[in-house]
Structure formats: C-alpha cells, structure tokens
Amino acid sequence: MVRQSVVQRRNSIVAWVNTHGLTQVSALARMFNTSEVTIRKDLLDLSQQGMLIRQFGAAAPIKNVITSPSDESSTPTSSSLPRKRSLDALGNAAAELVAEGVKIVIDGGTTTLQLIPFLEGIRDVVVMTNSLPVANALTASESEPTVLMTGGTWDANSQSFQGAMAEQLVSAYSYDLAFIGAAGIDVARGTTTFNELTGVTRAMARAAKHVVVMASSKKLSHKMPNLELDWKTITTLITDTGISGVDKDNIEKQGVSVITVLRDGE
C-alpha cells in the first residue's frame with residue numbers, strides 16, 4: 001500500500017469505521033500498515049475532534065455508539081463536526097504558508113493546534129512552541145520536525161509555559177513565521193485578551209519575520225480589554241468567510257493581508 005500522510009490515514013480510518021462499524025485497533029494497524037501505537041494516537045485525536053468513538057481496543061462510528069464501562073472517552077456529539085471542519089480549513093490555509101526548511105514558532109491555543117496535521121510532509125521544519133498540546137501533537141507526527149520547547153512557568157488555563165524564562169528563550173531565536181491565535185479581535189486595534197500573560201506572544205511576534213494570526217470570524221465579536229498584538233505587528237490574518245466586507249477592508253487598510261476560508265456549514 002502507498003504510504004499515506006497522517007491526515008489521509010485518519011480520514012481513511014473514519015471512512016472505514018463509518019462504513020464497517022466497530023473495528024479493532026489491531027485490524028486498523030494491519031490495514032494501514034502501521035503500528036498499533038500509531039493507530040491509538042490516531043483514534044485519540046479523532047475522538048477528540050468528534051469524528052469517531054474510542055472504545056477499548058477498537059473504534060466505533062458516532063452513529064452506532066456501543067455504551068460500555070470500558071469506553072476510553074466520553075461520547076462526542078455531531079454538533080462539533082462543523083466547527084472541526086472550519087478549524088481544519090484554518091489549519092490547512094496556515095500550512096500553505098510553510099515551506100520546506102523554515103523555522104516557525106507556534107503559540108498555544110486550540111486554533112493554532114489545527115495547523116499541526118497539515119505540516120505532515122513538509123521537510124526540515126524547525127518548530128518552537130510554549131504549548132504542551134502543540135508539542136505533543138508534533139512529536140506524535142510520523143515525520144516529526146525538530147521541536148524546541150520554551151520551558152518557563154506552567155499556566156494550566158492556557159496549557160502553555162509563560163513568564164520571563166519562556167520569553168527569553170523565544171527571543172533567543174529568529175523565525176520565518178509565527179502562528180498565533182486570538183481570544184478576541186478588535187478591528188481598530190488588533191488582537192485582544194482578558195489574560196494579562198501576553199509577554200510570550202509578543203516575544204514571538206518580535207522574533208518572527210511574518211506574524212500570522214489564526215482566528216474564526218466569531219472572535220470579532222469578542223472585544224476584550226487587553227491589547228495583545230496591534231495590527232502593525234501582524235502580517236496576515238487567517239479567518240473565515242463570516243467576516244464582513246467592511247471589517248475585512250478596515251483590517252487590510254492597516255497593512256494586514258486577510259485570508260478567508262469557508263465558514264461552518266458552507
């Protein structure tokens with residue numbers, strides 16, 4: 001069998017399980033010519049995305065969940081699927097900016113995390129991150145890039161390292177691209193947040209040639225008190241088609257390139 005990328009294999013797993021029902025991990029490993037450890041990682045990711053159900057030693061389609069005390073995870077709902085497709089589109093668009101051999105830095109957050117599967121197959125990438133979920137996803141990749149971790153003070157809310165040590169390590173390198181999420185977007189100012197821990201994000205932006213913000217258009221309605229990055233520090237905003245033409249024009253007038261992907265359900 002021709003070796004598939006991680007994204008292709010996971011899509012194939014979902015298609016197989018949806019068609020054939022409950023399937024053992026051992027059978028999926030043989031089918032996709034990979035290890036059971038890799039399949040278990042696939043199933044963990046797919047279950048978190050709401051694409052299928054992990055059960056003890058097997059995977060089941062969402063529409064035919066078998067309730068059992070041995071279930072390894074709670075049952076996701078189909079309502080999470082449109083949001084997942086939208087986040088995938090943001091991740092795919094972001095990955096198209098990444099060339100072979102580049103150095104990138106990735107901030108924490110559920111949106112920036114969606115970039116990771118689409119880096120598969122891009123060779124010789126060096127990635128710095130302060131996010132433990134991002135680092136875990138990178139090291140689970142079959143074509144694992146060179147991964148650098150900041151260290152620093154652990155922040156449980158953001159699942160990332162913050163503080164002076166993290167800022168210093170980020171600032172010690174230079175990057176071709178920084179990928180940063182946003183809790184809120186103010187069209188007049190830039191990205192905003194309730195969290196006052198903005199030092200590492202700002203250090204990432206200063207150290208990168210190009211700063212890419214990944215955020216759904218819904219963040220435009222979340223105007224928060226603390227300015228994180230102003231527009232003059234941002235190169236590109238990747239969002240969805242829910243952004244209004246007026247808001248898009250106003251952001252672009254501040255020198256930011258706006259890339260849009262299809263919104264949930266489109």
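Because only heavy atoms are used, hydrogens play no part in the values below, and waters and symmetry mates are left out as well, while side chains stay in.
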Quick check for you: to the nearest 0.5 Å, what is the distance between [X] atom [atom1] and [Y] atom [atom2]?
X    : Y    : atom1 : atom2 : result
T260 : I243 : OG1   : CD1   : 8.0 Å
I116 : L138 : CD1   : CG    : 4.0 Å
I234 : L237 : CD1   : CG    : 7.5 Å
K41  : S35  : NZ    : OG    : 7.5 Å
I106 : F179 : CD1   : CZ    : 7.0 Å
E36  : D42  : CD    : CG    : 12.5 Å

Donor-acceptor contact present, side-chain [X] to main-chain [Y], <3.5 Å:
X    : Y    : value
Y173 : V105 : no
T38  : T34  : no
R10  : L46  : no
Q254 : V187 : yes
Q159 : A156 : yes
T239 : A215 : yes
T192 : M224 : yes
T112 : G181 : no
T233 : L229 : no

[Y] side chain reached by [X] side chain, heavy atoms, under 4.5 Å:
X    : Y    : value
L148 : V127 : no
Q49  : D45  : yes
I104 : L119 : yes
D155 : F161 : no
I180 : T191 : no
M204 : N130 : yes
T235 : V256 : no
V125 : E100 : no

Q. Is the closest basic N to carboxylate O distance between R189 and D230 below 4.0 Å?
A.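 Answer for the salt bridge query: no.
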Q: Given side chain to side chain contact (heavy atoms under 4.5 Å, CB included), test I238 with L97 step by step and report yes or no.
A: CA-CA 11 Å; I238 301 178; L97 302 177; 4.2 Å; yes
Which heavy-atom pair separates [X] from [Y] by the least distance, and what is that distance?
X    : Y    : value
K218 : S221 : O-OG, 2.7 Å
D186 : W231 : O-NE1, 3.2 Å
A207 : V170 : CB-O, 4.1 Å
L177 : A208 : C-CB, 4.1 Å
V200 : A166 : CG2-CB, 3.7 Å
P117 : V7   : O-CG2, 3.4 Å

Q.
Is it true that D107 and T201 share a donor-acceptor pair across their side chains at a distance under 3.5 Å?
A.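 Side-chain D/A pair, T201 to D107: present.
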Q: Any chance you could lay out the side chain to side chain contact (heavy atoms under 4.5 Å, CB included) test for R9 and I13, step after step, and finish with the verdict?
A: CA-CA 6 Å; R9 184 181 64 246; I13 289 171; 4.2 Å; yes
Report yes or no: do [X] and [Y] belong to one cluster of Ile/Leu/Val/Met/Phe/Trp/Tyr joined by side chain heavy-atom distances under 4.5 Å?
X    : Y    : answer
L220 : V213 : yes
F32  : M51  : yes
V211 : M214 : no
V261 : L115 : yes
V147 : L132 : no

Q: Take K209 and D176 through the test salt bridge (Lys or Arg N to Asp or Glu O under 4.0 Å) and record every step on the way to the result.
A: CA-CA 5 Å; K209 295 177 183 176; D176 298 292; 3.6 Å; yes
**Q.** Verdict with reasoning, V126 to Y175, per side chain to side chain contact (heavy atoms under 4.5 Å, CB included)
**A.** CA-CA 9 Å; V126 177; Y175 313 95; over 6 Å; no
Q: Please lay out, stage by stage, how H222 and I185 fare under the test side chain to side chain contact (heavy atoms under 4.5 Å, CB included).
A: CA-CA 6 Å; H222 300 170; I185 295 177; over 6 Å; no
